[in-house]
*Asks:* 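Please read through the structure below; I'll follow up with questions.
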Amino acid sequence: MSKPRRTGSHRPPTFNTPRFKISEASRDTLYRAREHLLLLSSVCAARVQYDARELELSANAMVTCFQRLANDVSDVLAETNWQEPE
């Protein structure tokens, strides 16, 4: 049995809480990466649940997908700035 996931911080935010700042482009990249992961998850689930062979991905395709996602996340992390609390 799995634990229910919490949907937020365990403590309320304060004005002196450290923050990370990312650009709109990086935020868009993260949203696209999330959508890409959800798509891969759906394809894999359909393949398993319905034995849909036409949805089967080769090992090379999976490597390409995950490498692209890792590169996108790495780019966002490299561009992320630490914002000191006020």
*Asks:* Nearest 0.5 Å please: distance from the CG atom of Leu37 over to the CZ atom of Arg34.
*Replies:*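 Leu37 atom CG to Arg34 atom CZ measures 10.0 Å (nearest 0.5 Å).
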
*Asks:* Would Leu69 and Leu40 count as a side chain to side chain contact (heavy atoms under 4.5 Å, CB included) if you check the C-alpha gap in whole Å, the side-chain angles of each, and the deciding distance to 0.1 Å?
*Replies:* CA-CA 11 Å; Leu69 288 166; Leu40 289 173; 4.1 Å; yes

*Asks:* Output the distance between atom CG (Asn81) and atom NZ (Lys21), rounded to the nearest 0.5 Å.
*Replies:* 7.5 Å

*Asks:* Please examine the side chains of Leu30 and Ile22, heavy atoms only from C-beta on, and report whether any two atoms are closer than 4.5 Å.
*Replies:*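 SC-SC contact between Ile22 and Leu30 confirmed.
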
*Asks:* Who are the salt bridge (Lys or Arg N to Asp or Glu O under 4.0 Å) partners of Arg27, not counting sequence neighbours?
*Replies:* Glu24

*Asks:* Identify, with sequence neighbours excluded, every residue that meets side chain to side chain donor-acceptor pair (under 3.5 Å) alongside Asp75.
*Replies:* none

*Asks:* Pairs of donor and acceptor atoms involving the side chains of residues 57-65, under 3.5 Å and at least two apart or interchain, shall be tabulated with distances.
*Replies:*
residue: Ser58; atom: OG; partner: Ala61; partner atom: N; Å: 3.1
residue: Thr64; atom: OG1; partner: Asn60; partner atom: O; Å: 2.9

*Asks:* Please list, chain by chain and in numerical order, all residues satisfying side chain to side chain donor-acceptor pair (under 3.5 Å) with Thr80, sequence neighbours excluded.
*Replies:* none

*Asks:* Mind checking what makes side chain to side chain donor-acceptor pair (under 3.5 Å) contact with Thr29, not counting sequence neighbours?
*Replies:*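 Side chain to side chain donor-acceptor pair (under 3.5 Å) list for Thr29, sorted by chain: Arg32.
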
*Asks:* Tell me, please, which residues at least two apart from Arg68 pass side chain to side chain donor-acceptor pair (under 3.5 Å).
*Replies:*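 Counting only residues at least two positions away or on another chain, Arg68 forms no side chain to side chain donor-acceptor pair (under 3.5 Å).
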
*Asks:* About how many Å separate CG of Asn71 and CZ of Phe66, when rounded to the nearest 0.5 Å?
*Replies:*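 One gets 13.5 Å once the value is rounded to the nearest 0.5 Å.
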
